[in-house]
Structures are given as C-alpha cells and as structure tokens.
Protein chains: 4
Amino acid sequence: MQEQERAQARHEKILDAALSVFGRKGYSATGVDDIAAESATSKGGVYFHFPGKQAIFLAVLDRAARMLRAKADEAIASETDPIAKADAALLAVLSTFARHRTLASLFLVESLGAGREFHQRIVQLHDEFTNLIKLHLDEAVASGAIDPVDTEVAARAWFGALNEVITSWLLSGRPKRLEDAYAPLRPLLMRSVGARERQSTVRPG
Amino acid sequence: MQEQERAQARHEKILDAALSVFGRKGYSATGVDDIAAESATSKGGVYFHFPGKQAIFLAVLDRAARMLRAKADEAIASETDPIAKADAALLAVLSTFARHRTLASLFLVESLGAGREFHQRIVQLHDEFTNLIKLHLDEAVASGAIDPVDTEVAARAWFGALNEVITSWLLSGRPKRLEDAYAPLRPLLMRSVGARERQSTVRPG
Amino acid sequence: MQEQERAQARHEKILDAALSVFGRKGYSATGVDDIAAESATSKGGVYFHFPGKQAIFLAVLDRAARMLRAKADEAIASETDPIAKADAALLAVLSTFARHRTLASLFLVESLGAGREFHQRIVQLHDEFTNLIKLHLDEAVASGAIDPVDTEVAARAWFGALNEVITSWLLSGRPKRLEDAYAPLRPLLMRSVGARERQSTVRPG
Amino acid sequence: MQEQERAQARHEKILDAALSVFGRKGYSATGVDDIAAESATSKGGVYFHFPGKQAIFLAVLDRAARMLRAKADEAIASETDPIAKADAALLAVLSTFARHRTLASLFLVESLGAGREFHQRIVQLHDEFTNLIKLHLDEAVASGAIDPVDTEVAARAWFGALNEVITSWLLSGRPKRLEDAYAPLRPLLMRSVGARERQSTVRPG
DNA sequence: GATGAATGAGACTTCATTCAT
DNA sequence: CATGAATGAAGTCTCATTCAT
C-alpha cells in the first residue's frame, strides 16, 4: 500500500503546486510545465495523475471549495443563533480568503476567466454557498428574528457584497487587511434583513 | 476630414466586432482573426488601428463603460431624491446589462479572466461606479434621508449585490428575465442603509 | 517446468492481445498500454516479456508467418501435381486471411507503415512465400507441365496479384467474401504460366 | 497578383519538401518541423498553407497521383492497339517510379502505414489505375485481341503484380534497375489474358 | 491604409520506456 | 515476476504579432 500512498502524496503535491501557480500567474498564463516544475515532477507525471490542465484546475477548485466549506461549517457549528450562524459563515469565508489570498484569487477571479467550461462549476459553488446562508436566514425568519424577507435574494446579495469587497481587496489591495472590511459591512447586511442590531459575538479568526 | 471619418468608422466597426466576439467566445478564445473577420477587415487592418489584442479589449471595455455611465447619468438626472438617484443608477446598470448581455459578460466575467493586465482597469471601473453611488448616498445622509452609514462600504455592497445577481443570471440563466431580479433586491438595499421604505418611482427601462 | 510454462503462457497471451490490438487499431495507433490491458497484464509485465513495442510486433508477425506457412505447407502436402501445389498454397493463404482478417491487415498493411525497421522482415516474408511458389513452378517446368517461364518473376507476380486482391478486400470490403475472389483469379494465373487449363481440384478451405 | 504567386510558390515548395521528407523518413517519422525545415519555412508557415500533417500527406499523394496519371495517359495516347495501351500504362508507372523512388515509396508503402485515414484514398487510387487498365482490356476483348476474361480481375492482378515487383525493389533493392523487371513480367501478363505474344513496341521511358 | 502570408515561441498532450517497490 | 508511477523527448497545432507588397 506504500505505493498508493506515495501516489496519493504526489497527487496532492501537484494540486498544491497548481494552486500556487494558478494563484500566482492566473489560469491561462499557467503552463502545465509550470505546475510540473513547482511540484518537482515531470510533465508526464502530471498527466499521469490528471487528464489535463482543465481537470487540474477543477480539482484545485474542488479541493479548495471543500476546505472553505469545512471552515464555514465549523464556524457555523460554534454558533447557536441562526443569524449568528449566517454571520459566522460569511466571516469564515472572509477570514479564510484573507489568509489564503491565492484561494480568493482562484475563486473570485481566475475561475471566471478560465473559460466557459468552468462556468457551470462556478455557479454550483456560488449556489452552494448562497444556499448555506439562505438556510440560516430561513431559520431566522421562522424564529421571527428577522423580517420575512426573500431569503434567496438576501443570501445572494450578502454573498455578492462579500465578493465585491474581497475582489476589490484582491485587485487593488484595499483595504490593507481584508478583515477590516467586515466590521463596517456587517451592520449593513444585518439591517438589510431587518435584524435587530446587536454586537457581533463572532470574532475574525 | 473624410479620411479621418473613414478611419474613425473603421475603428468603431472593429470595436463593434470585438465586443460581439469577445462576448460570444470569451477573451482568450477570441482570436484577432475572429475580430478581423467579424469586422470585415484584415488582420493587418486591425493591427493598424490597434496595437494589439489587449488594447482592443481595453478599448471595448472603455467604450462600454462610457455608454453604461451615460445610461446611469441619464437615469440619475431624471430623479431628484438622492436615494432615488442611487436607486436609478443601479437599475440603469441592470437594465442595460439585461438588454446587452454581451456587455455584462465583458464587464463581470471576461474582464477578470483576461489576465492581470486588466485588473487595474477593472478596479477603476468598479471604483467609478461605486463612487457614483456613494455620492448620492452621501447626499442622502447629509439630507437625513438615511442613517449615517459608511457610504463607501454601502456603495460597494450595493454594487456587489447587483453584480452577483447579474453574474448569476449570466452564468446560470436564472432568473429568466434579469429585470425580475431587481424588485426583490431593492428593498434589501434600501433597508441596509436605513432608508424609509417607499414605493420606487423608478421603472425598469 | 511449471514456472516456464506459466511464463510461456503469458508470452502467448501478450502475443494474442497484440495481434488483436494491432489488427484493430494499426501499429502506430496501438499503445503498449493497450496491449497490456488486452492481455490482462501490466505495462511492466509486457516489458518483462518483450524488449519493446517493435519486438512485440515482430514476434506477432513471425508467429503469424509460421502459422500461415504451416497452412500453406499442409495444403501443399495434400496435392501431388506441382501446379496444384502452388495453386493450393495461394488458396491456403487466401483462405487463412479470409478467416483471420486481422492477420491480413498485419501482413499487408500494418507491417508497411510500422516503419523502416520492419522492411527487411517484410522482404524476408515475401521472399519466403515467393520461393515456396517458385519451387513448385520450377518443378512444373521441369516436368513440362508449364512453359519454361521465369519462375522467379512468375511467383512474384502471382503473389502480387494475390496481395492486391486481398488488400483491396481489406481496405474497401470488396468482394464481400474474399474467397469469391480466387475463382476468377485462378485461370489468369494459370494461363500466365501456360498451364493447361484444368478444373481445380483444390477447394477453398 | 504577385502575392498570390508567391503564396502558390510556397505552397508548392512545401509540397516538394513534404514529398522528399515523407519519402526519406516515412510518414510517422516525419515531423511537421522536418517539412518546415526542408521547405525553408517556419512551422507556422506550413500550417498557414495546410491544416495539418495528414492534409499535407494527402496533398502530396494527390499531386503525385495526378502526375502519375498524366504520365500514364501520355503513354497510352502514343499507342493505338488496346493491349499496347494497357501495356504502355503499366510501363509508364514503372518507369516513373523507377525515376522517382520517393513517389513509389509514398504510394506503395507509406500510404498504407500512414493510418486508417488514408485507406479510402488508397483504394481510390488503386481503383483509378485499375480502371484505366480495365478500360483497355475491355477494348481488347471487344476487338477479339484477347480472350473474354474477367477484365476487372485481370486489371487488378496486373496492377498487383506490378506493385509487388516495385515494392520488392523498394524494400530490397532488387533488381538494381527497376526497369529490368518489366521485360520478364510482360509476357506473363500478356499470356494471362491470352494475348497473342508479340514483341512489345513500347520502350521503357 | 490595407492585405494576408509568414514567423516563432510556446501550448497541450502522448507514449515508449524505465525502475523502485 | 509483476506492478504502475514516473520520465522526458517529441509531436501536433495555435496564435499574437510583424512586414513586404
């Protein structure tokens, strides 16, 4: 089984390298050669593990999405109030992206330009996250914590607002610390769904 | 002046073609040949008028941005209330994109994937539009129509929410009619800045 | 000896697989992977038994040639008249190829395109078969059954005529049944060497 | 129009180079790079004129076929007797191949190994030439010059015999001079269709 | 000004072969 | 003996850009 382990390790190594290079140079400017070099493999080795460049990108995207999702779930689990859960999810995303700029670039920038082939997957990722938020907003509505708003749209709007803030940070470098962007954004989001203004118990993390 | 006019006409024709092809195939999948063919010119002709593919894309983007800005300004001019002005600007963007899907694709999708070279310009465009909204939000705050929120962030959040809705429409086709997305979004945005709920006087157009 | 037997069995299995794949996909389109898969072995296994792809093809060719030769010898043995022997040899080849289309493809098509490395072997195979025919034509000349023709050329011409018929069948599918091609061909060949026209006693087999 | 001429010249130059390299190295061993180098062009230049390697090979084959056909037609035109016409056609092919070994290699060897994609064209070429011979054999039958044989098969057999002789010369180098192979072959072919033995008036040419 | 042939760097991918396990 | 991961050279093809006409 040691062989399988080594292969798996190589698989991951390639994914790591790909994440790094895609994040650094962008999808189209990244060559399979670059990935091979960064992962200390040969080009053929890369193609042994993945059928092509697109597949690598997709795999990177998926792995990152799983990671991000785990962070969000974890953050959600540590809260009880529905609104706080949604809030925590947003903050988890923002914090994770703040720590892994590459990931943010991949999700919010590169994946779009990578070509039409990825659009479906992007939609899927956005939907998944939007639904996560919607779920808790629905609960909040049910519990009377917020007004009976269109949670679908609200979730999308929240996600969009977050994305814009992160994208702006990515492309322009403002604000210096991405985490600083959430404090002023939060009350806006809360008010948008009629949530009673409270002090957030969630800390950036 | 006839010479110059002909040159100008050709210039525009190439830009039209480029907008069409970029919107249809995406930035990287578009070849200069495609643009030449669509504009009934030769490749050399395209290179006479533009220094390269990037420059064409930038020119298309700029022209489109001017057009979009004009639409927004026009919409703003027809309103008097600051909030209504900001509201109208958003709706103008959405309506324009709804009518020119290609434009939306260019602004929100292709420009990102086109490469790092365009990031600066994207930031510029986002900033320009965000500032437009911020301006009127500031007025609204000054006039006491809305709470003294961080208008910078609010404007960005509004823009982000709008973008997400449009992007989603672009990539997934939902909702069928993009205009239908604004009705449920509007109250959220209004509430986010503490605007007194009113019936919008602005009609999609 | 069991070890050796198993090895031998594997050897044959690979050869069978190779024959099948080469015949199906052609030499260059066949990958060593294909052969490994078809023979239920691993690539390494194949390379244990054979030094390389060329060697496999050569081995397949040789084994097939031996088989074909055996069929021809058998057919020859069942005849007494020299002309009938040559005649029988041709028919045996044709019949065998009719039943094993793959073999025909290998011999008459793939072996040529496989590369210069195989040319010598092809010549050898053609010579071997031509000589077989020549031998009996020589006897026929000696016995006065046919005119004192240049048997070397006659043998080659016979072989060539047969090849063309078979190749045509391979590439175009005409005639439907390859065996049907021999009946009209036979009298031509016979007349070409001045053989007294007789009813063939040989039956396609 | 000078530009068109230059382009046409380049087109031909590439075809010349391709013929040379394909003939020298074989289809699969030939790289587009080789053709580019031999034609003193760039790789891109080759791809400007031809869509791909296969297309180049096909074009070479077609051009060569036209040339060969012209030679045959010319030879046929200079004879009056039907049998002599068919005879002349064969000899023309043989002579042309003798002078252009590369052509022979292309037609009889490389075209087969080039892959399934070419099979149809090969059949077409074989059929074209076979029909040419059949035409004149039919006339010979009609005029009573030869027996009422199956001219279709006879033509194919003649062609096959010729091919084998040429192929053998190509692969083994025997006989030294290909033209020497026709003298002993001719009477065989004639006898095969029951043609009254005569002295050929056709000279190798 | 316009044309389109030509360039050439570089992209992705394949695959025969090797070799550590 | 067998496995299959890994190698790397080589292949086909694309395309932004240049430039002679």
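Because the structure is a prediction, the values reported are computed rather than measured. By convention in this document, chain letters (A, B, ...) are assigned in the order of the sequence lines, proteins followed by strands, and residues within each chain are numbered from 1.
Applying the ring-ring contact (aromatic ring centres under 6.0 Å, His included) criterion to C:Y27, with sequence neighbours excluded, gives C:F22, C:F57, C:F118. The salt bridge (Lys or Arg N to Asp or Glu O under 4.0 Å) test applied to A:R121 returns A:D62, not counting sequence neighbours. For B:H126, the ring-ring contact (aromatic ring centres under 6.0 Å, His included) partners two or more places apart in sequence, or in a different chain, are B:F159. For D:H119, there are no side chain to side chain donor-acceptor pair (under 3.5 Å) partners at least two apart in sequence or on another chain. The salt bridge (Lys or Arg N to Asp or Glu O under 4.0 Å) check on B:K43 picks up B:D33, with sequence neighbours excluded. For C:K13, the salt bridge (Lys or Arg N to Asp or Glu O under 4.0 Å) criterion is met by no residue, not counting sequence neighbours. Under the rule for a ring-ring contact (aromatic ring centres under 6.0 Å, His included), B:H49 has no partner lying at least two apart in sequence or in another chain. Legend: residues meeting salt bridge (Lys or Arg N to Asp or Glu O under 4.0 Å) with B:E117, ordered by chain and number and at least two apart, are absent. Every side-chain contact (heavy atoms from CB on, under 4.5 Å) that B:S20 has, sequence neighbours left out, goes to B:R24, B:E38.
Between D:F50 atom CZ and E:dA5 atom P the separation is 13 Å, expressed in whole Å.
For DNA chain F, runs of at least 3 consecutive pairs of the Watson-Crick or G-U wobble type, with both hydrogen-bonding distances under 3.5 angstrom, map to E:2-21 with F:2-21.
DNA chain E is contacted by both C:G52 and A:P51; A:P51 maps to the nucleotide lying nearer its 5′ end (nearest heavy atom per residue).
Side-chain contact between B:Q8 and B:E12: present, with at least one pair of heavy atoms (C-beta onward) separated by less than 4.5 Å.
Contact check of residues 12-36 of chain A against DNA chain F (heavy atom, cut-off under 4.0 Å) returns no residues at all.
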Table of protein N/O atoms under 3.5 Å from nucleotides 6-10 of chain F N/O atoms:
residue	atom	partner	partner atom	Å
F:dA6	OP1	A:R10	NE	3.4
F:dA6	OP2	A:H49	NE2	2.2
F:dT7	OP2	A:S42	N	2.9
F:dT7	OP2	A:S42	OG	2.9
F:dT7	O5'	A:S42	OG	3.3
F:dG8	N7	A:G44	N	3.4

